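Within every chain, numbering begins at 1; the chains are lettered A, B, ... in the order of the sequence lines, protein sequences first and strands thereafter. Remember, predicted model here, so these are calculated numbers, not experimental data.
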Amino acid sequence: MKKKINCHYWNPNLGLEDELEFNYQDIGNDIELKRPIYTKKSLEIIIESIKKARKEYLLKIELPKVFDIIEKVTNKWADPNYKGRKLALEVLPTVTGFSHEMIETWGFDHFMGILKRENLPLFGKLQPEKYKDFTNLSDGLVKAYGKKNITHSNYEPEVIGHICAGNILGISAFEMILDKLVDAATWIKVPSENPVFGALYAKSIEEVDPKLAQSIAIFPFDSKNKFVRDFLFSKSDIIRATGGEMARISLTKLSEEYKVPISGHWHKFSFITIAREYMDKRASQIAELVSLDVTAWDQQGCFSPQEIFVENGGKVDAQKFAELLSEEMETTSIALPKGINSGKMQVLDGYHQYLKKEMMGEPVKIFPSATHQWLVIFDGTTTRFEPSPLFRVIRVKPVNDIMEIPNLVRPIGSFLQTVGVAIPNERMIPFADAIGEAGATNIRAISSMTLQKPWEPWDGRFPLHELFEHDNIRWVSISTRDIDKEIEEALDRKRSIVDSRISSFIQRE
Amino acid sequence: MVKFPSDEWIKIFKEELNKSKEYEEVAKDWEGDFLFVITPDEELKSEVTFYVDLWHGKCRDAYIVDGEKTAAFIFKGPYSNWKKVINKELDPIRGLIRGMFTVEGDSKVILDQSKAAQELVNTASKIPVEFEGN
């Protein structure tokens, strides 16, 4: 008997399960995904029901209760014995292509663990004029760039729609929680690469507070389904969308057509910068941490590094660092193996492209994985930023000074996002000022590139603020005020993940 | 009926707050003074600022500010949003999160005192008021 997994969620009391027809997709491993075939009437009923739940419940409950619900849901997902988590772990590796270990450790234990009250972005609207220099916010720093120009404001959105990309597991959970903080009803289009998690998460909210869950609807549908897409757009006050270039073009057009504002988060590039001060006896620790950034989500996230710049002048040079990184990639990949979408071709392509250069005597050195799990390339031929083939293929490039990097990445400034850093505190602000000016938006300690703190801006906009106002201010954040402390903590975290995973791997073997 | 905003209103607010056992209980740990800044919009012509000194469940002082004044927290928003708060149509903490008000000072401290904020609003809403432009 195959396990049928719902990819949809709405108020179960609507009775639509009996009225609608469903598609069933066999994805292997005795799992079938169940998706509804919508009718106009069913969509109308669902949207009206989330609006009603907002009006009659969400707007009336006290805020501490909302916090309490969020806390309880987060605690459920942190519990390895929670039935929803067990089901997700059974299904998600097949559905998403990520390994069981990646989903369990990096997804449930770490990414979703940040969804706690003390981390939520509850500071409302910041005043950019007070953040002309990097200024304290939560445990980090932020700076406002640009001139205020308000193009949209609606402080009381009734329905917020979300179109989620499939490269990051928990994004739909983040969206559901943020919408409740701004008292909005929620619909979410879950990605075709991961149509399951959104419904499972909504179900976990239902288990804690059924009435709050009734303000949420999860819709799996193909992006080409114009009927559903247009209907949902027309019923929304604002849309937040994540996706690639195709999504940007089609959704921007739709936003104009329906005059519904859109907060888009599109294709981005991220990279790592390591200052010479860390290329001493700590170089192998830095390599340990960097290996986690390259490994996390198989490098599929917009915040995953595509290149590593290592500053010359330290005791360990860029080529030696590449070698150290390759050693750590092997260990980290045992702890957090690649998923079934291994990108083996991308790794081999990268290998052959650089093998030729290495054989021709160019300043190139390849550090390959015997099992094609990853590839580290030292490339001393150019400092120009080049996109990685991804799937754990990473280039290490030497630079004479980290302050050269802003100019190197400026040509792709509007596509820049996260910069993973190991830069001493005293050199951090000048670098952050310059890289922020070049276009990057998030500066994070290495190994935390894919762990966004909820207070941080996202692509230059605060995730709550952009739901009620678009003001053209671009915010740049530094995730910590003390890089060494953050690196120390990150090292403990990384070792606890890798050591425990490797111990269980050895026991299994 | 007293006019809102006015010096008369803030004096009554202070008296009512000091009579409230509910406020005294939920705000027993609160320490810190506020500037409540009401910014002009279509109905209010010029900015009005209330100074309110709250200390362990009591209001030690409250008046309209004439000139410069500083406080631990500055809670600021347009008149139309303050009206919603006084009429109990908007929770001030939710208003803060939704960007309808801004705060200077540690917003986390205020968020931890959401019950006290609720009682401030409950007290304010009991005073019969006449709004500008009505």
Counting only heavy atoms from other residues, nucleotides and ligands, does the tally under 6.0 Å from [atom1] of [X] exceed 12?
X	atom1	value
A:E129	CD	yes
B:K58	NZ	yes
B:K69	NZ	yes
A:K52	NZ	no
B:K45	NZ	no
A:K116	NZ	no
A:N136	CG	yes

From [X] atom [atom1] to [Y] atom [atom2], the distance as rounded to the nearest 0.5 Å:
X	Y	atom1	atom2	answer
B:D91	A:L59	CG	CG	11.0 Å
A:L126	B:S107	CG	OG	8.0 Å
B:R98	A:Y155	CZ	OH	11.5 Å
B:M100	A:E469	CE	CD	12.0 Å
B:L111	A:L120	CG	CG	10.0 Å

Between [X] and [Y], does any side-chain N to carboxylate O distance fall below 4.0 Å?
X	Y	value
A:E62	B:R94	no
A:K130	B:E104	yes
A:R117	B:D112	yes

Pick one of side chain, backbone, both or neither for A:L464, based on which atoms fall under 4.5 Å of a heavy atom in chain B. side chain

Please look at A:F468 and chain B and tell me whether the side chain, the backbone, both or neither of the residue comes under 4.5 angstrom of a heavy atom of that chain. side chain

Steps toward side-chain contact (heavy atoms from CB on, under 4.5 Å) verdict (B:I97, A:D183): CA-CA 10 Å; B:I97 294 171; A:D183 299 329; over 6 Å; no

Determine whether B:T102 and A:Q127 satisfy the following criterion, side-chain contact (heavy atoms from CB on, under 4.5 Å), listing intermediate values before the conclusion. CA-CA 8 Å; B:T102 58; A:Q127 297 165 68; 3.5 Å; yes

For the candidates A:G124, A:S153, A:S138, which exhibits the highest count of non-hydrogen atom pairs separated by less than 4.5 Å from chain B? A:G124

Apply side-chain contact (heavy atoms from CB on, under 4.5 Å) to the pair B:K84 and A:E156, showing each step before the final yes or no. CA-CA 13 Å; B:K84 286 180 185 169; A:E156 295 175 82; 3.1 Å; yes

